[in-house]
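Since the model is a prediction, treat every value here as computed from it, not as a measurement. Starting from 1, each residue takes its place in the sequence as its number. Indexing begins at 1, ligand by ligand and atom by atom, following the structure's order.
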Amino acid sequence: MTKTETKSTVLLKHHLKSLRLPTMLAECEKVARRCAADNADHLAFLLQLVEQELIERERKAAERRQKAARFPTAKGTDEFDFSARPSVNKPLVLELLTGEYLDRRENILLVGPSGTGKTHLAMALGMAACAEGRRVRFFRVTELVTTILEAREERVLLRLRQQLGKLDLLVLDELGYVPASKAGAELLFDVIATAYERYSLIVTTNLPFENWTEVLGSERLTGAALDRLTHRCHILETTRESYRLQDAKRRKRTAG
Ligand code: ADP
Ligand code: MG
């Protein structure tokens, strides 16, 4: 390496740092060597370098959004066994993974008994949304109700509302009977009503539809919430039938 090359490399790295292009900084020499070996021209070299910077930026941004969403674990659809859950409409899930429903502010309702993969699917859809550049937040409903009640006491409810208002997707996990506190039910209703046509909701519940009338402790509130939730809504059902199927298969194997 000649003296001038060394000097220009040092300067280049300094400038890349000032411009906040860390991947280009880290990769420029390696890509330059590879391009020289491949006889690639200058523009091809620049393209490769810029592409790497972009890819790394998007990966980091998705990681940040995923962290901000506060999913309980990180399970995607690749870990979801659709054959074990035949009631789940797989083509619909694949379509929802593209995130187009978010542009249309549509909701997703996941209904089924406990332990049948509702939270798993809600998380998978939420993570896909993060990867697509959307702002997502995951809450268990009880946790959200506690959070908003506390925010109200500390007079930061407005700030919480503003934070929620910036979302593209709010996941409400385990909507069941909202107990005792009338204030809690009203604040939860307020979240659902505010989300309506502003951002999408994914709601999971193990309540069958016939038991929905009293979710919020008041038929009027529940009816109004349901109207908004289901106005433009995709429904995914997880049923237990699969367990019987799995069980039957297991027994067959044991017998055979
Ligand atoms: P729910 O929210 O309906 O109560 P979860 O999503 O918490 O159920 O699922 C319970 C556990 O079973 C989780 O660890 C989940 O990953 C797993 N699980 C459920 N259904 C499937 C499936 N079809 N494929 C892979 N894992 C599954
Ligand atoms: Mg769950």
Side-chain angles (χ1 to χ4, degrees), residues 62-63 65-99 101-102 106-131 134 136-148 164 167 169-179 184-185 188 191-192 195 200-212 214-216 222 225-226 229-230 233-253:
E63 213 174 81
R65 283 188 297 267
Q66 199 162 309
K67 213 169 158 201
R70 306 216 206 152
F71 298 114
T73 56
K75 283 189 174 176
T77 30
D78 46 337
E79 288 171 73
F80 193 80
D81 181 2
F82 284 93
S83 64
R85 208 66 70 199
S87 68
V88 174
N89 182 344
K90 186 179 177 183
L92 176 59
V93 173
L94 297 181
E95 140 76 22
L96 293 172
L97 284 171
T98 67
Y101 69 99
L102 295 162
E106 292 164 353
N107 300 323
I108 302 172
L109 193 55
L110 283 146
V111 194
S114 110
T116 54
K118 299 185 298 297
T119 301
H120 186 147
L121 280 173
M123 232 159 23
L125 288 163
M127 290 200 312
C130 286
R134 317 286 186 148
V136 182
R137 184 71 166 85
F138 180 104
F139 276 106
R140 286 181 63 180
V141 170
T142 48
E143 179 200 350
L144 175 68
V145 170
T146 312
T147 305
I148 39 189
L164 294 178
L167 293 176
L169 170 65
L170 175 62
V171 183
L172 298 179
D173 195 28
E174 290 180 37
L175 184 70
Y177 296 104
V178 176
L188 178 62
V191 169
I192 294 170
S200 295
L201 290 173
I202 295 182
V203 173
T204 81
T205 183
N206 56 17
L207 284 180
F209 281 114
E210 60 267 26
N211 294 4
W212 266 78
E214 281 293 322
V215 180
L216 293 174
T222 305
L226 263 186
L229 260 182
T230 57
C233 178
H234 305 276
I235 296 173
L236 289 166
E237 273 190 273
T238 57
T239 60
R240 278 222 186 279
E241 67 195 43
S242 53
Y243 279 157
R244 282 201 290 276
L245 243 161
Q246 284 163 351
D247 215 354
K249 276 184 196 151
R250 244 195 317 273
R251 260 176 288 146
K252 217 189 238 167
R253 267 204 304 274

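Near Thr119, meaning under 4.0 Å from any of its heavy atoms, are these atoms of ligand 1: 1 (P), 2 (O), 6 (O), 7 (O). Short contacts between ligand 1 and Ser114, defined as distances under 4.0 Å to a heavy atom of the residue, involve ligand atoms 4 (O).
At least one heavy atom of Pro113 sits closer than 4.0 Å to an atom of ligand 1. Residue-ligand proximity: Gly115 is placed with a non-hydrogen atom under 4.0 Å from ligand 1. Judged by the shortest distance from any of its heavy atoms, Thr116 lies inside the 4.0 Å radius around the atoms of ligand 1.
In this structure Arg134 satisfies the salt bridge (Lys or Arg N to Asp or Glu O under 4.0 Å) test together with Asp103, sequence neighbours excluded. Among residues two or more places apart in sequence or in another chain, the ring-ring contact (aromatic ring centres under 6.0 Å, His included) test is passed with Phe139 by none.
In terms of heavy-atom proximity, Ala122 sits nearest to Ile202 at CB-CG2, 3.9 Å. Across all their heavy atoms, Arg70 and Phe138 have their closest contact at O-CB, 3.8 Å.
Two residues are said to be in side-chain contact when any heavy atoms from C-beta on lie closer than 4.5 Å; Leu236 and Asn89 meet this criterion. Using a 4.5 Å heavy-atom threshold, the side chains of Phe80 and Lys75 count as separate.
Around the Mg ion (ligand 2), the protein contributes the following N, O or S atoms at distances under 2.8 Å: Thr119 OG1.
Counting heavy atoms closer than 4.0 Å to ligand 1, residue Lys75 contributes side-chain atoms (C-beta onward) but none from N, CA, C or O. Counting heavy atoms under 4.0 Å from ligand 1, residue His120 touches it through both backbone and side chain.
Residue Gly117 has at least one nitrogen or oxygen atom sitting less than 3.5 Å from a nitrogen or oxygen atom of ligand 1, judged on distance alone.
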(request) Step by step, work out the side-chain hydrogen bond (donor to acceptor under 3.5 Å, both in side chains) result for Asp173 and Thr119. (result) CA-CA 7 Å; Asp173 195 28; Thr119 301; 2.9 Å; yes
(request) Assess whether side chain to side chain contact (heavy atoms under 4.5 Å, CB included) is satisfied between Glu174 and Thr142, documenting all intermediate values. (result) CA-CA 8 Å; Glu174 290 180 37; Thr142 48; over 6 Å; no
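Among Val93, Leu92, Leu109, Asn107, the one residue that satisfies the side-chain contact (heavy atoms from CB on, under 4.5 Å) test with His234 is Leu92.
For residues 90-99, every residue pair satisfying the salt bridge (charged side-chain N to carboxylate O under 4.0 Å, His left out) rule, not counting sequence neighbours, is listed here: Glu95-Arg104.
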